[in-house]
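Every number for a ligand or one of its atoms is a count from 1 in the order of the listing. All residue numbers in this chain count up from 1 along the given sequence. Side-chain atoms are counted along with the backbone in the values below, which use heavy atoms only and exclude waters and symmetry mates.
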Amino acid sequence: MSGPILVFDSGIGGLSILDEIRQVLPNKDYCYLFDNARLPYGELEEEILIDGCRALITTMVKRLEASLVVIACNTASTLVLPELRGALNIPVVGVVPAIKPAAAVSKKRHIGVLATPGTIRRPYTHELIEKFGGNCKVELYGSSELVLLSERKAAGYQISRVEMDHILKPVKLSGIDTLVLGCTHFPMLKAEIKDYLGKDVLLLDSAKAVAARVTSLCQSADEVRVRDSMEVAVIEQGKKEMTALYTAKEIEGGLKNTLAKIGFSKIERVQPD
Ligand code: DGL
């Protein structure tokens, strides 16, 4: 595997996944692609979401000669994985809401899934609950407002408790003991969500599981490469420079600063062919 790992989301949410992958694979090259021209994905019609993702991701995989792509977006993963796997000849890793681990740890057998309205609606999510929800009572919460708040935080704005109260009050009143953060934007607000819901609600996301999947794919590909060419990989020390690509006309200075702090040295607009 020589090309970069391409991590994709509608906005800054996939950075929560990228961060976890970089912790276990710091020597890989990464490119972060976000389709912020069409955010929030949770409000898009299915066909529009699928067609746009296919066009953008297949173009960028070719241009960058990516070796692996991570769809670091639950909303897109509920729809586009079969299409992309059919169109690309590299591994495509998706995100699945952490319903199975949540059902396994919930003492009250009462869990919540907080995701985008699109993810909450999709049969994909309902099948996961059916299969892995155990005998738990499962509450579903869909919010695009929380996606936009997460974007605002990344652009440097403060998020108030009043805003959290407005969105999360039903979650707080539900009596659940475990909440699945089923949108990759939400771990970016983990501190605020935790502060609002209190210590009795455990928050779970899928970032570690995605990082483990990417690691196992990279390890088996590297083993094949070394075996085939008998070459010995030189492990470089320290974290590498990264590129961030976005689709909107412009992005805020605050977001550019955040991306630069994370380690993105190149931040550019791209468009599909
Ligand atoms: N970060 C995304 C997810 O995991 C999508 C958020 C959105 O654009 O609505 O679902």
*When clusters are formed from ILVMFWY side-chain contacts under 4.5 Å, directly or step by step, what else is grouped with L140?*
V96, I99, I111, V113, I120, Y124, L128, I129, F132, V138, V180
*Report the residues that fulfil side-chain contact (heavy atoms from CB on, under 4.5 Å) with S16, sequence neighbours left out, ordered by chain and then residue number.*
T184, P187, M188
*So which protein residues pack against ligand 1 under 4.0 Å, heavy atoms counted?*
D9, S10, P40, Y41, G42, C73, N74, T75, T116, V147, C183, T184, H185
*Would you mind listing every salt bridge (Lys or Arg N to Asp or Glu O under 4.0 Å) that reaches into residues 99-116, with sequence neighbours excluded?*
none
*Sort out for me which residue in K266, R22, K28 forms a side chain to side chain contact (heavy atoms under 4.5 Å, CB included) with M242.*
R22
*Cluster check I17, I12: I/L/V/M/F/W/Y, side chain < 4.5 angstrom*: yes
*For the ring pair F34 and Y32, is the centre-to-centre distance below 6.0 Å?*
yes
